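Order of the sequence lines fixes the chain letters, A, B, ..., with proteins taken first and strands second; residue numbering starts at 1 for each chain. The shown structure was predicted, so the numbers you read here are calculated from the model rather than taken from an experiment.
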Number of protein chains: 2
Amino acid sequence: MSVAIENFVKAIYKNGKRDHNDTKPGNIAKELGISNAAATDMAKKLATKNLLHYEKYQELKLTNKGTKMALNVVRKHRLWEALLFKLFDMSLHDIHREAELLEHQTSDLLANKISEYLGNPKFDPHGDPIPNASGEITTIDTSIPLSNTEEGKTYTISRLMSDDKEFFDFCAQNGLKYGNSVLISKQFSKNKMTQILINNNTILLNEDFTSIIYVNEQN
Amino acid sequence: MSVAIENFVKAIYKNGKRDHNDTKPGNIAKELGISNAAATDMAKKLATKNLLHYEKYQELKLTNKGTKMALNVVRKHRLWEALLFKLFDMSLHDIHREAELLEHQTSDLLANKISEYLGNPKFDPHGDPIPNASGEITTIDTSIPLSNTEEGKTYTISRLMSDDKEFFDFCAQNGLKYGNSVLISKQFSKNKMTQILINNNTILLNEDFTSIIYVNEQN
DNA sequence: AAAAATTTTTAAGCTTACTTAAAAATAGTT
DNA sequence: AACTATTTTTAAGTAAGCTTAAAAATTTTT
């Protein structure tokens, strides 16, 4: 299976996981930076390969086979992120970009070796869960976006759901890192801003950020 | 530049380094597993990109630009081999296969990070020299094939110049490994066999093997 | 040096993964 | 409900990197 196909099923998988699950060709096209026409073509083709269900004008739905393929690519991506993060001093954004390419050129054998070397980690450096070799995500995700947190409580950062360089640069500068603690100083419901205390610094985040930073409540 | 192009210049580079330097399209085609026609087409195309000099029916010759590209790919290949060898328990053959794919999906930045992490090694696990970031091979290779050694002398294995699984399996079983010592017990000039003593075992090698195992004399 | 064998080149054609442009269907707005 | 805007689909076309088959040139053999 080609890189284009792997990326296609991966895009459907990711878009399907989101709030407003939109997996119509146009959204997948946007995700991949290709034309809508190309996405429709590919969707039809992958339907014949039993990777997804295609019905005109409807959302694209991965079959079990398609989901398995997507999870296998996601597994390799996240294992590479974890390995590069451990070995090298590189920004999360750079690590993501390298993993985006390496994920398609990695045998199952190598993926298993990386996993073993890292002690079979359950999460990558963004806090995203790493599927196991069978394509299952065994961890239960109880985390919530920062936008849904309560004033005065303290949380642990569990996921940074983004690929964006500026976002990661901002995170790196402000200690917004997987595992770190944040205290919610104030929730401004009107303009959907959130004020947090982290590393003894007070910072103010807008919804763009509070919707992609996930946390778990500390007990 | 595409994977096909990178592999093409790499194949010319490798074939150009051999004894009977044959870089005509047919040999490159054989190396890459494509048709002669495809190799001729590609050669013409790469000439327009200033990667090689093409003259009908003549050997293909890399330009400086082409050589630089080839060495950059070779560098990434060998750095991956060195890294995988260090981190994981995998056969040299498997390591080679993974590196063959990863080499094309590796930024210069990542290559430099790998090199740095490994302490800027000069050789990969086969003993092949690793070009530096400028595409230069600074080491001087004084090694000779086992077939040219003298009876009674002891040598250090410096290179295993092969990609073949069976060869590596044989090497692994018999302690034929980069850095190990071999004593030449006997050279049979008639049938070009060589008897060596390694790890207290006497083994007999034919020319297929003695021509690709390189060694340095121990003083 | 001529004949035979091999290699290289040319030509035509294929598949993959795209593109743009226009037609058809759906979704949003008044 | 009708009109408008957007999205999806269809259709035609392109570039990369191959293929096979046949013609042209080179190399090897006798």
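- Taking the centre and axis of the six-membered ring of A:Y54, the NZ or CZ atom of A:K56 falls outside the cone set by 45° and 6.0 Å.
- D:dA15 atom C1' lies 8 Å from atom NZ of B:K45, rounded to whole Å.
- Among the protein residues, A:A38 comes within range of the nucleic acid bases, having at least one heavy atom under 4.0 Å from a base atom.
- Atom C1' of nucleotide D:dA16 and atom CD1 of B:I34 are separated by 12 Å, given to the nearest angstrom.
- A search for ring-ring contact (aromatic ring centres under 6.0 Å, His included) contacts involving B:F170 returns B:F209, not counting sequence neighbours.
- In this structure, CD of A:E59 is placed 12 Å from C1' of D:dT7, rounded to the nearest angstrom.
- Between B:P25 and A:S2, the residue whose closest nucleotide on DNA chain C is further toward the 5' end is B:P25.
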Only pairs under 3.5 Å count here: list side-chain donor-acceptor contacts from residues 100-108 of chain A, not counting sequence neighbours, and write none if there are none.
residue, atom, partner, partner atom, Å
A:E100, OE1, A:H77, ND1, 3.4
A:E100, OE1, A:H96, NE2, 3.3
A:E100, OE2, A:K10, NZ, 3.0
A:E103, OE1, A:K10, NZ, 3.3
A:E103, OE1, A:H77, ND1, 2.8
A:E103, OE2, A:K10, NZ, 2.7
A:H104, ND1, A:E6, OE1, 2.6
A:H104, NE2, A:N7, OD1, 2.9
A:H104, NE2, A:E100, O, 3.4
A:T106, OG1, A:W80, NE1, 2.8
A:T106, OG1, A:L102, O, 2.6
A:S107, OG, A:L109, N, 3.4
A:S107, OG, A:L110, N, 3.0
A:S107, OG, B:E98, OE1, 3.4
A:S107, OG, B:E98, OE2, 2.4
A:D108, OD1, A:K76, NZ, 2.8

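- Looking at which nucleotide of DNA chain D each of B:K49 and B:A37 is closest to, the 5′-most match is held by B:K49.
- Applying the ring-ring contact (aromatic ring centres under 6.0 Å, His included) rule to A:Y178 yields no partners; only residues at least two apart in sequence or on another chain are considered.
- Listed by chain and residue number, nothing satisfies the salt bridge (charged side-chain N to carboxylate O under 4.0 Å, His left out) test with B:D164 (two or more places apart in sequence, or in another chain).
- Two residues, A:K56 and A:G33, neighbour DNA chain C, and the one matched to the more 5' nucleotide by heavy-atom proximity is A:G33.
- For DNA chain C, the outermost nucleotides in 5' to 3' order that have an atom under 4.0 Å from a heavy atom of chain A are C:dT16 to C:dA27.
- Heavy atoms of B:A39 sit nowhere under 4.0 angstrom from any nucleic acid atom.
- Among the heavy atoms of the strands lying under 4.0 Å from B:Y54 are primed sugar atoms or P, OP1, OP2 only; no base atom is included.
- The ring-ring contact (aromatic ring centres under 6.0 Å, His included) check on A:F88 picks up B:Y117, with sequence neighbours excluded.
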